[in-house]
Amino acid sequence: MKEIIASNIAATVATIGLCIYFFCTAAVFLSKPEKFGRQYSVQPVDNAGKTEIRVYYGGISFALGLFLAVLAFVFGKPFYSLVGGLIFANTVFFTRLAFTFVDKGWKCPYTKLAIPAEGAFIVVLWICFIIAVVVENTPVVPVL
């Protein structure tokens, strides 16, 4: 484990942050889907809807956190875990940004929180990526 962490500190720190984010998101949606769904402007119309919130917000968040943790700490590839997190975070941010205008949701309280928070999150991830590549000399193209 020490070798993995030492091999790429920036990617390891980013992966730990991503895993904490995904595991915490999973915990809140699995435990209280209606309460936290409302905070995200998502409300179930029946019990199956509550299950869907648990599955898609809770279950998928847990799976993403677990996948990134396994990739980084079991397979020893924290840089690839960081890249996966970057792809996910950028996709969410830019999709939200585009559809906030399409759906005219910029006045919604959650949007006012999500866009700056997700924007800051991807900036930090990109900084970790740049440090990993430039300072820690991580090859961007995998060596086969």
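Residues: numbered from 1 along the sequence shown. As the structure is a computational prediction, the values presented were derived from the model and not from experiment.
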In terms of hydrophobic clustering (I, L, V, M, F, W, Y; side-chain heavy atoms under 4.5 Å; direct or indirect links), are [X] and [Y] co-clustered?
X: I127; Y: F79; result: no
X: I53; Y: L30; result: no
X: F121; Y: L97; result: yes
X: F62; Y: F36; result: no
X: I115; Y: L86; result: yes

When the aromatic ring centroids of Y80 and F75 are compared, is their separation below 6.0 Å?
->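 No; F75 has its ring centre 6.0 Å or more from that of Y80.
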Test of ring centre spacing under 6.0 Å for F88 and F22 |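 Yes, ring centres under 6.0 Å apart.
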So, for [X] and [Y], which heavy atoms are closest and what is the spacing to 0.1 Å?
X: T15; Y: L82; answer: OG1-N, 3.9 Å
X: V42; Y: Y57; answer: CG2-OH, 3.4 Å
X: I131; Y: A10; answer: CG2-CB, 3.6 Å
X: S31; Y: V28; answer: OG-O, 3.2 Å
X: L18; Y: G85; answer: CD1-CA, 3.7 Å

Backbone of K77 reached by a side-chain donor or acceptor of S81 within 3.5 Å |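 Side chain of S81 to backbone of K77, a donor-acceptor pair under 3.5 Å: no, none is there.
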Counting only N and O atoms by type, is there a donor-acceptor contact under 3.5 Å from the side chain of T111 to the main-chain atoms of G105?
->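 Yes, T111 side chain to G105 backbone: donor-acceptor pair under 3.5 Å.
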How long is the span from the [atom1] atom in [X] to the [atom2] atom in [Y], to the nearest 0.5 Å?
X: R54; Y: K32; atom1: CZ; atom2: NZ; value: 10.5 Å
X: L125; Y: F93; atom1: CG; atom2: CZ; value: 12.5 Å
X: F67; Y: C19; atom1: CZ; atom2: SG; value: 10.5 Å

Given a cutoff of under 4.5 Å between side-chain heavy atoms of I, L, V, M, F, W and Y, with clusters grown through shared members, what are the other residues clustered with V13?
->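 Result for V13 is I9.
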Give every residue pair that meets the salt bridge (Lys or Arg N to Asp or Glu O under 4.0 Å) criterion with at least one member in residues 110-131, sequence neighbours excluded.
->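 Non-adjacent pairs meeting salt bridge (Lys or Arg N to Asp or Glu O under 4.0 Å): R96-E118.
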Within 6.0 angstrom of Y56 OH, more than 12 heavy atoms from elsewhere =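 Atom OH in Y56 is not crowded, with 12 or fewer foreign heavy atoms closer than 6.0 Å.
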Audit row: F73, I16, side-chain contact (heavy atoms from CB on, under 4.5 Å) steps and yes/no | CA-CA 10 Å; F73 304 115; I16 291 169; 3.9 Å; yes
